[in-house]
Protein chains: 2
Amino acid sequence: MSTEIERCCPPAAEGPDLRPIEGGEADEQLAALGKAIGHPVRVQILRILARKSSCICGDIVEELPLAQSTVSQHLKVLKDAALIRGDVDGPRVCYCLEARTLRRLKALVGGL
Amino acid sequence: MSTEIERCCPPAAEGPDLRPIEGGEADEQLAALGKAIGHPVRVQILRILARKSSCICGDIVEELPLAQSTVSQHLKVLKDAALIRGDVDGPRVCYCLEARTLRRLKALVGGL
DNA sequence: CGTACTCATCGTAATAATGCGATAGCATGC
DNA sequence: GCATGCTATCGCATTATTACGATGAGTACG
């Protein structure tokens, strides 16, 4: 069997986003995404993931002056908002940006 | 003396934004703006202000199913984030979008 | 002056977010 | 199996947010 079980951070090529950019649903989505990026540490995490073109695991903890549990909690917030994805890679977890949601956020903010 | 003391929502023509789009400062700004739009009601308020091309005062309260004091509190959050501006017009207050900050938000989100 | 109107602020209660240490889960290597 | 390393989750304390009613500040009108 192949040892290349999965790679995180796929090339990211998807179709256009057909979801509406305003209305009640959109408002909720924008608010949820806004809340997710509404903390400096979480913005920093997004930047770290963007910088490392390849995805990264818990090195994020090393880059931040916070306890591991706290970073894990922020990662959970970002994951729940679908701004990042975490693929298990052996004993560690490989996080990466979820490009689709990021595009969605840009579209929603752009519609303001 | 003229009775036209001031109009809120000026034509909005300003130069380009020279502030950096990333770095510690930018992260803080993005997080602060994200937190400000991180509530459905506040997103709705922004939409209301965008819809009424002219600025509006406390009619916002009428459009929302919330107490006046609660709306006022949300308006304060948006004002503290500089996403809106409130000009006093006689006994009432005229709120309008702060286009400059909105552009700043779009630029910051776009840089993600 | 006094009333009416609009809006901000205060006080309060309930809920959510933040951060940490401790602990549990899980895959890997000996 | 057992120890090790990485991550998630739990429990807890502190602080922030949200929502409301009540009250206060301010202007306009009679």
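Side chains included, hydrogens not; waters and symmetry mates left out as well; all remaining heavy atoms used. Lettering of chains follows the sequences in order, A, B, ..., and the numbering in each one begins at 1. Everything quoted here is computed from the prediction, not taken from an experiment.
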Are Val109(A) and Leu33(A) packed together at the side-chain level, in the sense that at least one heavy-atom pair is separated by less than 4.5 angstrom? no
From His74(B) NE2 over to Lys79(B) NZ, what is the distance, rounded to the nearest 0.5 angstrom? 15.0 Å
Would you tabulate the pairs of protein nitrogen or oxygen atoms and nucleotide nitrogen or oxygen atoms of nucleotides 21-23 of chain C closer than 3.5 angstrom?
{"from": "dG21(C)", "atom 1": "N7", "to": "Ser69(A)", "atom 2": "OG", "distance (Å)": "3.3"}
{"from": "dG21(C)", "atom 1": "O6", "to": "Ser69(A)", "atom 2": "OG", "distance (Å)": "3.3"}

If I take atom CD1 in residue Ile60(A) and atom C1' in nucleotide dT7(D), what distance separates them, rounded to the nearest angstrom? 12 Å
Quick one: on DNA chain D, does Asp59(A) or His74(B) contact a more 5' nucleotide (nearest heavy atom)? Asp59(A)
Is the phosphate of dA19(D), meaning OP1 or OP2, less than 4.0 Å from a side-chain N or O of His39(B)? yes
Measure CZ/Arg92(A) against C1'/dT7(D) and give the value in whole Å, please. 11 Å
Listed nucleotide nearest any side-chain atom of Val93(A), set dT7(D), dA28(D), dT9(C): dT7(D)
Mind calculating the distance between CG (Leu75(A)) and P (dT9(D)) to the nearest angstrom? 11 Å
Does some side-chain heavy atom of Arg42(B) sit less than 4.5 Å from a side-chain heavy atom of Leu46(B)? no
In terms of side-chain heavy atoms of Tyr95(A), which of dC7(C), dA8(D), dT6(C) is nearest? dA8(D)
Answer yes or no: is there a side-chain heavy-atom contact under 4.5 Å between Asp87(B) and Val93(B)? no
Of the listed nucleotides dA28(D), dT9(C), dA8(D), the one nearest the side chain of Lys79(A): dA8(D)
Give the rounded distance in Å between these two atoms: CG of Leu64(A) and C1' of dG19(C). 13 Å
Whole angstrom is fine here: how far is it from CD1 in Ile45(B) over to C1' in dC7(C)? 14 Å
Separation of Ile56(A) atom CD1 from dC6(D) atom P, in whole Å? 13 Å
Before accepting this row, confirm whether a basic side-chain N of the pair Lys52(B)/Glu63(B) lies closer than 4.0 Å to the acidic partner's carboxylate O. yes
Reckon Ser72(B) has a side-chain N or O less than 4.0 Å from the OP1 or OP2 of dA8(C)? yes
Ala36(A) and Ala81(A) have their tightest heavy-atom pair at CB-CB, 3.6 Å
Of Val41(B), Ile45(B), Leu66(B), which meets side-chain contact (heavy atoms from CB on, under 4.5 Å) against Ile60(B)? Ile45(B)
In chain order, what residues pass the side chain to side chain contact (heavy atoms under 4.5 Å, CB included) check against Asp17(B), with sequence neighbours excluded? Arg19(B), Arg104(B)
Side chains of Leu30(B) and Ile37(A): does their closest heavy-atom pair fall under 4.5 Å? yes
Write down the protein N/O and nucleotide N/O pairs, taken from nucleotides 11-13 of chain C, whose separation is under 3.5 Å; answer none if there are no such pairs.
none

Between dT18(D), dT9(C), dG19(C), spot the one nearest the side chain of Leu66(A), thanks. dG19(C)
Find the distance Asp80(B):CG to dT18(D):P and express it as a whole number of Å. 12 Å
Return the CG to OG1 distance between Leu105(B) and Thr101(B), rounded to the nearest 0.5 Å. 9.0 Å
Considering only heavy side-chain atoms of Lys35(A), the closest of dA17(C), dG19(C), dC7(C) is dA17(C)
Separation of dT7(D) C1' from Asp89(A) CG (nearest whole Å): 13 Å
Side chain of Arg42(B) - closest among dT18(D), dT6(C), dA19(D): dT18(D)
